[in-house]
Amino acid sequence: MKNLFTFLFLLLMIFSAQISDAQMVKRTKALPSEPAPKAVLIEIFTGYKRLERTQDKLTKPELEMALQKATQKMILDFEDNFKYCPVYYFYDSNIVAIQNGEIQQYIMDKNGKSIDNPVVQDGDTTVLLLYYGVLIPDESTPFDMHVSKKMLIALDYKGDVLPFPLPRTPGPATFRNIKSKKFNVFYRYSNTRTDTHYRACALRYSQLLKSFYGKQKK
């Protein structure tokens with residue numbers, strides 16, 4: 001009889017855990033304890049470490065040009081299509097400083113100029129750090145997510161990937177008004193020789209933040 005009670009208790013625990021997981025997966029709205037971001041800080045990938053490892057002088061200029069073109073497309077995409085909150089940019093070489101809360105000194109506008117009056121200050125925790133790359137999976141990563149595919153990834157102010165189900169990636173095109181194929185191609189860049197790519201994602205992510213957190217408070 002004791003073994004039977006133990007078995008039933010274990011079944012109940014497993015069933016409760018499955019219900020909890022299902023509820024977490026299905027949740028599409030932020031909780032009161034999950035504040036909306038005041039701004040997004042987008043990492044500009046300069047590839048400085050990769051360029052240092054590139055020994056072929058004929059390949060290095062091609063890689064530099066590819067990285068610049070991909071960055072141009074990303075900035076154009078966000079300037080045209082991301083409407084949820086202010087967008088600032090920073091170089092990947094300054095990521096540690098940004099994670100340490102040193103924001104004002106390193107963020108830039110679309111032209112690479114410093115920001116006089118940003119909506120976020122040093123030490124602000126209500127920012128999202130965005131980069132375009134490969135998601136490094138953790139224990140909260142859904143099994144059906146394609147983690148080897150390059151995509152927009154959202155981190156918290158400390159540089160940790162947002163835990164699921166927070167909006168850490170734009171996800172699939174679930175919003176039916178994501179423009180046309182021609183629209184998406186305009187913001188796309190691909191160079192297979194240098195493995196440098198960018199696909200339009202600013203509009204999807206902007207709409208996802210609005211759907212998850214609600215309208216941005218003025």
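Side-chain atoms are counted along with the backbone in the values below, which use heavy atoms only and exclude waters and symmetry mates.
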Minimum heavy-atom distance [X]-[Y], with the two atoms named:
X: Asn184; Y: Ala200; value: OD1-CB, 3.7 Å
X: Gly133; Y: Ile153; value: O-CG1, 4.1 Å
X: Cys201; Y: Asp77; value: N-OD2, 2.9 Å
X: Ile98; Y: Tyr106; value: CD1-CB, 3.9 Å
X: Lys38; Y: Asp124; value: NZ-OD2, 3.4 Å
X: Pro86; Y: Val119; value: CG-CG2, 3.8 Å

Does Lys210 count as lying over the ring of Tyr205, i.e. NZ or CZ under 6.0 Å from the six-ring centre, within 45 degrees of the axis? no
Side chain of [X], backbone of [Y]: donor and acceptor closer than 3.5 Å?
X: Glu102; Y: Gln99; value: no
X: Asp122; Y: Gln104; value: yes
X: Asp156; Y: Lys158; value: yes
X: Thr71; Y: Lys69; value: no
X: Tyr131; Y: Val134; value: yes
X: Lys73; Y: Phe186; value: yes
X: Lys29; Y: Ser211; value: yes
X: Gln207; Y: Arg204; value: no

First locate atom [atom1] of [X], then atom [atom2] of [Y], and finally report the distance between them rounded to the nearest 0.5 Å.
X: Lys215; Y: Leu209; atom1: NZ; atom2: CG; answer: 15.5 Å
X: Asp80; Y: Ile75; atom1: CG; atom2: CD1; answer: 11.5 Å
X: Thr169; Y: Leu130; atom1: OG1; atom2: CG; answer: 11.0 Å
X: Met65; Y: Asn191; atom1: CE; atom2: CG; answer: 11.0 Å

Are Ile103 and Gln121 close enough, and set up right, to give a side-chain contact (heavy atoms from CB on, under 4.5 Å), and what steps lead you there? CA-CA 7 Å; Ile103 296 175; Gln121 309 298 319; over 6 Å; no
Check the orientation of Tyr84 and Phe82. Use parallel for under 30°, tilted for 30 to 60°, and perpendicular for over 60°.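 Judged by the thresholds at 30° and 60°, the geometry between Tyr84 and Phe82 is perpendicular.
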Check the pair Leu51 / Glu64 against side-chain contact (heavy atoms from CB on, under 4.5 Å), numbers first and verdict last. CA-CA 8 Å; Leu51 287 167; Glu64 289 176 328; 3.6 Å; yes
Hydrophobic cluster identity match, [X] and [Y], side-chain contacts under 4.5 Å:
X: Val185; Y: Leu203; value: no
X: Tyr189; Y: Leu76; value: no
X: Val96; Y: Leu155; value: yes

Kindly indicate, with the supporting measurements, whether the criterion side-chain contact (heavy atoms from CB on, under 4.5 Å) is fulfilled by Ile95 and Leu129. CA-CA 9 Å; Ile95 181 62; Leu129 314 183; 4.3 Å; yes
Counting only heavy atoms not in Tyr91 (residues, nucleotides, ligands), do more than 12 fall under 6.0 Å from its OH? no
Do other residues, nucleotides or ligands put more than 12 heavy atoms under 6.0 Å from Lys83 NZ? yes
No-hydrogen, no-angle side-chain donor-acceptor test under 3.5 Å, Asp92 and Thr46: yes
Quick one: do Tyr88 and Ile115 satisfy side-chain contact (heavy atoms from CB on, under 4.5 Å)? Show the steps, please. CA-CA 8 Å; Tyr88 306 126; Ile115 309 295; 4.0 Å; yes
Answer yes if the ring centres of Tyr132 and Tyr198 are under 6.0 angstrom apart, and no otherwise.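 So the answer is yes for these two rings.
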